[in-house]
Structures are given as structure tokens and as C-alpha cells.
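Note that the coordinates shown come from a computational prediction; the quantities given were computed from them, not determined experimentally. Labels below follow one simple rule: chain letters A, B, ... track the order of the sequence lines, proteins then strands, and each chain is numbered from 1.
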Amino acid sequence: MIRSFGWESVEFLIRGAGWTLLLSLMTFVIGGFFALIFALLRTLGPRPVRLAIAGFIQLVQATPLLIIVFLAFYGLSFVGLHFPPMVAAGVSLAVYTTAFLADIWRGCIEAIPKQQWEAADALALTRTQQLRYVILPQAFKISLGPTVGFMVQIVKNTSVVALIGFVELTRAGQLLNNMTFQPFHVFLTVAAIYFAICYPLSFLSERLKGNRHARPAH
Amino acid sequence: MAYQMNFTPVMALAPQLVEGALNTLILSGQAIVAGLAIGVVGAVSRTEGPRWLDRAVGVYVELFRNTPLLVQLFLIFFGLPYVGVRLSANMAAIIAIALNLGAYSTEILRAGLQAIPRTQIEAGLALGLSRLQVVRYVVIIPALQIIYPALTGQLTLTLLGSSIASAISATELTAAGARIESTTFRSLETFLCVAVIYIAMTFAFRFVYWRIGMWLFRRKAPPKPSLIADAIEVSRAGA
């Protein structure tokens with residue numbers, strides 16, 4: 001049945017956008033958790049661990065997200081792990097996000113001058129205390145801008161899982177297009193919803209980065 | 001349950017993967033050339049142009065950086081015929097990827113141009129360099145050196161992002177992989193092979209970018225204190 005594009009369609013898309021937001025949030029929380037561990041191990045871990053994590057980051061960053069999604073969705077079901085689209089989408093997005101965020105955060109930790117470690121050491125703080133009270137709070141401030149900036153990438157990247165049939169915003173747009181045959185209206189609305197989610201994040205990211213430059217150089 | 005990997009059926013269709021990889025290179029190569037051209041025009045418009053042009057380019061940049069490439073692709077491939085513009089899948093993919101890269105490279109190149117202080121340009125002119133020499137040695141090469149990591153990183157993302165074009169059945173590597181997967185049913189093996197090819201291409205390009213960087217940003221030897229030392233150097237180089 002052919003429907004025409006109306007308010008109902010917009011409601012349908014907004015429901016899709018809800019899934020996009022949920023998936024983005026899930027990806028950020030899970031990816032962020034592993035990224036933090038990886039970033040710390042990448043900078044402070046023993047040499048073999050550092051190398052293994054560097055290798056993981058290099059490999060994931062050199063593979064298209066779509067291929068990681070396909071590997072998780074089609075590939076792993078043969079190994080005996082049957083992932084429904086929701087889980088396959090979450091796992092692949094989390095792996096991808098881990099690789100990029102770990103790299104960003106490593107940069108932030110390494111941006112803290114060595115003297116800060118030495119000063120903390122001179123104050124007789126233990127290694128953990130140095131990290132907890134001196135290094136990480138400073139690295140956190142630096143990381144805010146790039147991290148919020150990467151959130152925009154996460155939201156946009158979730159669109160890729162439409163191609164394995166997970167019904168989020170882009171997939172909802174495809175379905176609606178099949179029902180209404182008004183691709184211009186449909187995808188323009190989809191783009192507008194993505195913009196409404198991403199633009200405030202981009203704006204915030206620029207503001208946070210700007211503040212850093214405004215502060216006196218350390 | 002142990003799963004026996006079997007690459008034979010996939011390897012039998014290896015020529016399709018090679019062809020797909022070449023098509024990916026051609027597709028993203030065209031998109032990169034067009035995208036960088038847009039970026040240069042956009043960056044110069046934003047830094048040197050009138051205010052309204054700066055604003056207009058800014059709107060373009062924000063629109064394309066805050067929506068997914070896949071949606072841009074759908075809008076151009078499915079949406080444009082609705083208003084009377086019909087494009088082939090490959091053409092739509094090249095245009096979408098180029099516009100996307102154009103938005104990102106506009107901002108990257110602008111950052112480079114803005115990193116060169118005006119006083120540097122004035123100093124160059126005061127030293128008697130011609131305008132062309134100032135543009136080349138004082139503006140372009142140092143600006144490029146500052147943004148080189150960001151720019152090459154973006155080009156890598158563009159190469160990998162072209163896999164999205166398989167969604168509208170453009171001819172490239174991921175589409176070739178999907179076709180092989182549907183004939184052999186060896187999903188894991190097929191996409192592992194595809195992943196390896198993408199990784200190999202990415203590392204090859206990183207090496208090329210690194211070599212280009214070495215050549216572009218090589219430091220000239222500092223000037224010799226005397227003409228005699230210069231002459232010795234020239235005769236050595238000639239020998």
C-alpha cells in the first residue's frame with residue numbers, strides 16, 4: 001500500500017531516532033569502558049601488552065566499520081555465536097569505538113608533561129595516586145573536546161548498522177521510502193533529525209576545544 | 001562446536017576481489033581528487049573571501065559533517081531522481097563521498113592556512129622573495145606540514161568509508177565481497193579476506209603518505225658560511 005509522507009511518517013522516524021540514540025549511548029558506554037582500560041594499558045602497561053593494544057588499534061582503524069559489522073553479523077554465526085542484529089550492531093560499534101577512543105585518550109594522557117609525573121612522585125604519591133589525582137584530572141580536561149567530537153562520529157556511525165537490518169533512524173528511513181516512494185522527503189527528514197542530534201554535540205565540542213586554547217599554555 | 005574454515009571457494013573467486021579492490025581505489029581516488037578540490041576552494045573562501053561566502057561555506061561544512069555519509073548517499077542516489085537528476089550508482093557514490101570529504105578537508109585546510117601568521121608572509125616579502133615563492137615556501141608547505149597528519153588520516157577514512165557505497169550497489173570491494181558471500185555462503189572467510197585487503201590498502205597508503213611527507217618537508221641544509229664551502233658542496237653533489 002502506498003502511503004504519502006505526513007506527520008505519521010515523521011513520528012515513525014522519530015521512533016527510529018530513539019533507537020539511534022539508545023544504540024549510540026550503549027556504544028559510548030561500552031566502547032568508552034574498554035577504551036579507558038586500553039588507553040591506560042597502552043601508555044603504562046608492560047611492553048608486550050602495549051604492543052598488542054597498539055596492534056589491535058592499528059588493525060581496527062584500518063578496517064571499514066561496515067566490514068566489522070558484517071564480520072560480527074554474518075561471520076561469527078558460523079563459529080557458533082548467533083548474534084541478533086541488535087547485539088551484532090552493539091558489539092561491532094563498541095569494538096570500533098574502543099579503537100578510536102583509546103587512541104584519542106592515549107594522546108591526552110601522553111600530552112601531560114613528564115614533569116607532572118615527577119612532581120607527583122616527589123610528593124611521595126604512589127603510582128596509582130599519581131594517576132588518580134594528578135595525571136587523569138588534567139588529561140580529562142584535555143580530552144573533553146575531542147571526546148564530545150567523537151560522539152558525533154558514533155551517532156553517525158550507527159547508521160551503518162541499517163545495512164544488517166537493525167531498525168534505527170536510517171533503516172526506518174529506508175522502510176518508509178519503500179512505503180511512500182518519496183525518497184527526497186524521507187531522507188531529507190532523516191538527515192534533519194541526525195543534524196538535530198549531532199550539531200549541538202559538534203558545537204559543544206568546538207566550545208570545549210576553544211576553552212583549552214584560551215587557557216594559558218602549560 | 002568447532003567450525004572448519006574453508007577458504008577454497010572464496011579463493012576460487014579471488015579475481016573478483018582483486019577487481020573489487022581496484023574499483024575501490026578508482027572510486028575513492030576520484031572522490032578524493034574532487035573532495036580535495038572542494039576543500040581548497042572552501043578553505044580559501046573561508047579565509048580570504050567576503051563574509052557572506054564564509055558563512056555559506058560554513059553552513060555547507062556543518063550540514064555535511066553532522067549527517068551520516070550513508071544518508072547523504074541515499075539522498076543523492078534516491079532523492080535526486082525525484083527532482084529530476086538521475087545518477088548512476090557510482091556517480092552518486094563519488095559525488096556523496098567527495099562532498100563529505102570536501103566538508104572535512106575545508107576545515108582541515110582552513111586550520112592550516114590560519115596557522116601561518118601574517119607577519120611570516122610580510123617577513124618573506126621583506127626578504128625579497130617573490131609572491132609565488134612566499135605562497136610556496138612560507139604558506140603552502142609549512143601549512144601542509146602542520147595539518148599533514150589530520151589530512152592523511154581523513155583520506156584514509158575516505159578510502160575505508162567508500163565501503164558504504166556498496167549499499168547502493170556501486171562497484172567496489174565490499175559489494176564484490178557481498179556478491180561472493182551470497183554465492184559461496186562462506187561469510188566469515190569472505191569478509192575476513194575483504195578486511196585483509198582493506199588493511200593492506202590502508203597500510204600501503206600510509207607508507208605512501210609518509211614517503212610524500214618526507215619528500216615535501218625535508219629540511220634543506222643550513223646555508224654555508226662561505227662561498228668556498230658552497231662550491232665544495234656543489235662539486236661534491238655533481239660528482
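Contact of V83(B) with chain A is made through the side chain alone, with heavy-atom distances under 4.5 Å. For chain B, the nearby parts of L188(A) are the backbone and the side chain; heavy atoms of each come within less than 4.5 Å. With a 4.5 angstrom heavy-atom cutoff, R206(B) touches chain A only via side-chain atoms. The contact between L192(B) and chain A is made by backbone and side chain atoms together, counting heavy-atom distances below 4.5 Å. Contact annotation for S166(B): only side-chain heavy atoms (C-beta onward) come within less than 4.5 Å of a heavy atom of chain A.
Two residues are said to be in side-chain contact when any heavy atoms from C-beta on lie closer than 4.5 Å; Y74(A) and L188(B) fail this criterion. By the 4.5 Å heavy-atom criterion applied to side chains, V71(B) and Y194(A) are counted as neighbours. Put simply, the side chain of T67(B) does not reach to within 4.5 Å of the side chain of C198(A), judged on heavy atoms. Looking at F203(B) and Q58(A), their side chains come closer than 4.5 Å, going by heavy atoms from C-beta outward. For the pair Q72(B)/F187(A), no side-chain contact is recorded, criterion being any heavy-atom separation below 4.5 Å from C-beta on.
Side chains of Q153(A) and R65(B): no donor on one and acceptor on the other come within 3.5 Å.
Ranked by non-hydrogen atom pairs under 4.5 Å with chain A, the options A200(B), P68(B), G161(B), S162(B) are led by P68(B).
Summarising the geometry, atom CG belonging to L157(B) is positioned 8.0 Å from atom CD belonging to Q61(A); distances are rounded to the nearest 0.5 Å. Note that OG1 of T170(A) is 11.0 Å distant from CG of L73(B), once rounded to the nearest 0.5 Å. Atoms CG and CD1, from L59(A) and I199(B) in turn, are 5.0 Å apart once rounded to the nearest 0.5 Å. Going from atom CG of L173(B) over to atom CG of L66(A) covers 10.5 Å, rounded to the nearest 0.5 Å. In this structure, the separation between CD1 on I67(A) and OG on S163(B) is 6.0 Å, given to the nearest 0.5 Å.
Shortest non-hydrogen contact noted between S159(A) and L70(B) is O-CD2, 3.3 Å. Contact between A195(B) and L71(A) at its shortest, heavy atoms only, is CB-CD1, 4.5 Å. Of all the heavy atoms in L160(B) and A62(A), the pair that sits closest is CD2-O, 3.5 Å.
Taking the six-membered ring where tryptophan is involved, the planes of F191(B) and F70(A) are tilted, since the angle between them lies from 30° to 60°.
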Using the side chain to side chain contact (heavy atoms under 4.5 Å, CB included) rule, take F74(B) and Q174(A) through it: C-alpha gap first, then chi angles, then the decisive distance, then the call. CA-CA 9 Å; F74(B) 283 162; Q174(A) 283 183 302; 3.3 Å; yes
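Other residues, nucleotides and ligands contribute only 12 or fewer heavy atoms inside 6.0 Å of the CZ atom of F34(A). In the displayed structure, E19(B) atom CD is contacted under 6.0 Å by at most 12 heavy atoms of other residues, nucleotides or ligands. Counted within 6.0 Å of CE on M91(B), heavy atoms from surrounding residues, nucleotides or ligands total 12 or fewer; the atom is thus considered open. Within 6.0 Å of CD in E8(A) there are 12 or fewer heavy atoms belonging to other residues, nucleotides or ligands.
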